[in-house]
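Down below is the structure, laid out as structure tokens.
Along the sequence shown, the residues carry numbers beginning at 1.
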Amino acid sequence: MLTLKLLRENPDFVVERLSVKNFDAKEIVDDVLRYDSLRREHQTQLDAVLAEQNKKAKEIGTLMKEGRKEQAEEVKAQVAKLKVKSSDLEKLMEEENGKMLERLVLLPNIPAPEVPLGKSSEDNVVVRQGGEIPQLPENAKPHWELAKDLDFIDFDLGVKLTGAGFPVYKGKGARIQRALISFFLDRNTKAGYLEIQPPLVVNQMSAYATGQLPDKSEQMYHVNLDDFYLIPTAEVPVTNIYRDTILNREDFPIKMTAYTQCFRREAGSYGKDVRGLNRLHQFDKVEIVQLSLPENSYNALEGMVKHVESLVQELELPYRIVRLCGGDMSFTSAITYDFEVFSAAQKRWLEVSSVSNFESFQANRMKLRFRDENGKPQLAHTLNGSSLALPRILAALIENNQTADGRIRLPKALVEYAGFSYID
């Protein structure tokens, strides 16, 4: 959430920068400032009324001591009227504050200066590229056909049990899932990230704090009876560990990693690009989260990007890193780098990770602060990244490593975790 201080001091800057995200913020900014002005005006009036109440209350005591009960009763009547007025002002302020917050949470995060202009993924900027795109055998197949032929992922069974987007992993398919999770977690903890095992459901405040609500409410699974939400990413519970917390400067950086299953409705996703593992409603993902001092957050972002890059390199996958343009960025992000791996059988790039700096946007929502050199609370910065999401990683591994005799070779880094070299 953007700070009121920023909106009060630089409303035109906010409107101009949010236009980079193709977001017209003028009306909302004006509404926020109007409600804020009314709230502050009524706060001034309330302060005056309360001061008058206190003054009158002291008068009553003095009058009673002097035996002037009739005058004391008159002042009591005045105090009663002042109490009604103060109560009315408090109600007005509460209403105005609520309306202000309703509008304020609709404003996305301001993009960093490095974010390129653009409307869609076609306008993203490739930062660098690595690995070699494999030459597949003539009889090469997409991963959903290979999985069926070798019987290690059953998409039809998933439809029977639940519905489309909920595959069942079998035998070596399940082993590879477990191998990838262990591989990612081991590499993350070796890099200094503390492993966390969080809940898979969160309350409304947690979803609000990291920006999923209200922006992504239609994409989240809601457990109505208990008013819980199935998590779309481990970012939500892990970052919320520090909600309503004031840290010290020496506590930073805080680095955490978690494996969770993730749940996304993916409403409106149809067509050939969502076949197989390309887009699921339930999937496994390992996440990295950092809490940082503001002056260090972009160095932290660079370190996270390099770390995720090392994982993709170890898996021997051709990849590219792209800086997202304003129109392709998330609601909460100030800057995002996507990792894409090349799917040789599908002949296209598949997104497998987003590494983002949210600056103080999430911290402001969740009241995550630290004390500066003068002991004054300041907002921290939050960052997160997929490290990595399994479905499309697995899809690329399956397709890019298929052999002419129909087997699938595992990269060296996974063999010790899986306990086998080939799926056959």
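- The shortest distance between side-chain heavy atoms of Arg371 and Pro377 falls below 4.5 Å.
- The residue from Glu235, Arg365, His381 that alone fulfils the side chain to side chain contact (heavy atoms under 4.5 Å, CB included) condition with Phe358 is Glu235.
- Residues meeting the ring pair (Phe, Tyr, Trp, His ring centres under 6.0 Å) test with Phe339, sequence neighbours left out: none.
- With no hydrogens or angles considered, a side-chain donor-acceptor pair links Ser356 and Thr336 at under 3.5 Å.
- For the residue pair Asn109 and Thr332, no side-chain donor N or O sits within less than 3.5 Å of a side-chain acceptor on the partner.
- Between Glu74 and Lys76 there is no salt bridge, since no side-chain N of the basic residue sits under 4.0 Å from a carboxylate O of the acidic one.
- Between Leu394 and Ile398 there is a side-chain heavy-atom pair separated by less than 4.5 Å.
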- Determine, step by step, whether Arg34 and Asp30 satisfy the salt bridge (charged side-chain N to carboxylate O under 4.0 Å, His left out) criterion, reporting the C-alpha distance in whole Å, the side-chain angles of both residues, the deciding distance to 0.1 Å, and the verdict. CA-CA 6 Å; Arg34 184 173 73 257; Asp30 288 345; over 6 Å; no

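- Ion pairing of Glu302 with Lys306 is present here, as a side-chain N (NZ or NE/NH1/NH2) and a carboxylate O approach within less than 4.0 Å.
- Using a cutoff of 4.0 Å between basic side-chain nitrogens and carboxylate oxygens, Asp31 and Arg103 are scored as salt-bridged.
- Between Val32 and Leu4, some side-chain heavy-atom pair lies under the 4.5 Å cut-off.
- At least one side-chain heavy atom of Phe155 sits less than 4.5 Å from a side-chain heavy atom of Trp144.
- Lys285 and Thr233 share a donor-acceptor pair across their side chains, judged by distance under 3.5 Å alone.
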Hey, can you pull the donor-acceptor pairs under 3.5 Å for the side chains in residues 88-96, sequence neighbours left out?
residue: Glu96; atom: OE1; partner: Arg39; partner atom: N; Å: 3.4
residue: Glu96; atom: OE1; partner: His42; partner atom: ND1; Å: 3.0
residue: Glu96; atom: OE2; partner: His42; partner atom: ND1; Å: 2.9

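- For Arg17 (side chain) and Ala112 (main-chain N/O), a donor-acceptor pair under 3.5 Å exists by modelled atom type.
- The shortest side-chain heavy-atom distance between Leu247 and Ile254 falls under the 4.5 Å cut-off.
- Counting heavy atoms from C-beta outward, Glu287 and Val238 have side chains that stay 4.5 Å or more apart.
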- Residue pair Glu73, Lys69: steps toward the salt bridge (charged side-chain N to carboxylate O under 4.0 Å, His left out) verdict: CA-CA 6 Å; Glu73 290 301 320; Lys69 292 184 179 180; over 6 Å; no

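- The ring of Phe252 has its center closer than 6.0 angstrom to the ring center of Phe370.
- Other residues, nucleotides and ligands contribute only 12 or fewer heavy atoms inside 6.0 Å of the CD atom of Glu70.
- Counting heavy atoms from C-beta on, the side chains of Tyr208 and Met1 come closer than 4.5 Å.
- With no hydrogens or angles considered, a side-chain donor-acceptor pair links Glu309 and Tyr319 at under 3.5 Å.
- Thr44 and Asp47 form no side-chain donor-acceptor contact under 3.5 Å, judged by distance and modelled atom types alone.
- Using modelled atom types, one side-chain atom of Asn400 and one backbone atom of Ala344 make a donor-acceptor pair closer than 3.5 Å.
- One N or O on the side chain of Asp123 and one on the backbone of Lys119 form a donor-acceptor pair closer than 3.5 Å.
- In terms of modelled atom types and a separation under 3.5 Å, the side chain of Asn296 and the main chain of Ser292 share no donor-acceptor contact.
- Checked by atom type and distance alone, the side chain of Arg392 never pairs as donor or acceptor with a backbone atom of Val352 at under 3.5 Å.
- Using a distance-only test at 3.5 Å, with no hydrogens or angles considered, no donor-acceptor pair links the side chain of Thr260 to the main chain of Cys262.
- Of all the heavy atoms in Asp328 and Ser120, the pair that sits closest is CB-C, 4.1 Å.
- Pro198 and Ala258 make their closest contact through CD-CB, 3.9 Å (heavy atoms, listed as atom of the first residue, atom of the second, distance).
- Using a 30° and 60° split on the angle between ring planes, His281 and Phe166 fall in the tilted class, from 30° to 60°.
- Without hydrogens or angle criteria, Asp154 side chain to Asp156 main chain gives a donor-acceptor distance under 3.5 Å.
- Sorted by first and then second residue, the side chain to side chain donor-acceptor pair (under 3.5 Å) pairs with a member in residues 186-196 read Asp186-Tyr417, Arg187-Glu314, Arg187-Tyr417, Asn188-Thr257, Asn188-His307, Asn188-Ser387, Tyr193-Gln290; sequence neighbours excluded.
- Salt-bridge annotation for Arg249 and Asp372: absent, with no side-chain N of the basic residue lying under 4.0 Å from a carboxylate O of the acidic one.
- The environment of Glu295 atom CD is dense: over 12 non-hydrogen atoms of other residues, nucleotides or ligands sit within 6.0 angstrom.
- A side chain to side chain donor-acceptor pair (under 3.5 Å) with Asp338 is found for one member of Ser354, Ser121, Ser353 and no other, namely Ser354.
- Distance alone, capped at 3.5 Å, places no donor-acceptor pair between the Ser386 side chain and the Ala389 backbone.
- Remark: side-chain polar atoms of Asn248 are not paired, donor with acceptor, to backbone N or O of Asp251 under 3.5 angstrom.
- Here the shortest heavy-atom pairing between Leu107 and Phe331 reads O-CZ, 3.4 Å.
- Under the 3.5 Å distance criterion, the side-chain polar atoms of Arg369 are left unmatched by any main-chain donor or acceptor of Gln378.
- Side-chain N/O atoms of Gln346 and Asn278 include a donor and acceptor closer than 3.5 Å.
- Using a 4.5 Å heavy-atom threshold, the side chains of Gln219 and Pro232 count as separate.
- Using a 4.0 Å cut-off between charged side-chain N and carboxylate O, Lys26 and Glu16 make no salt bridge.
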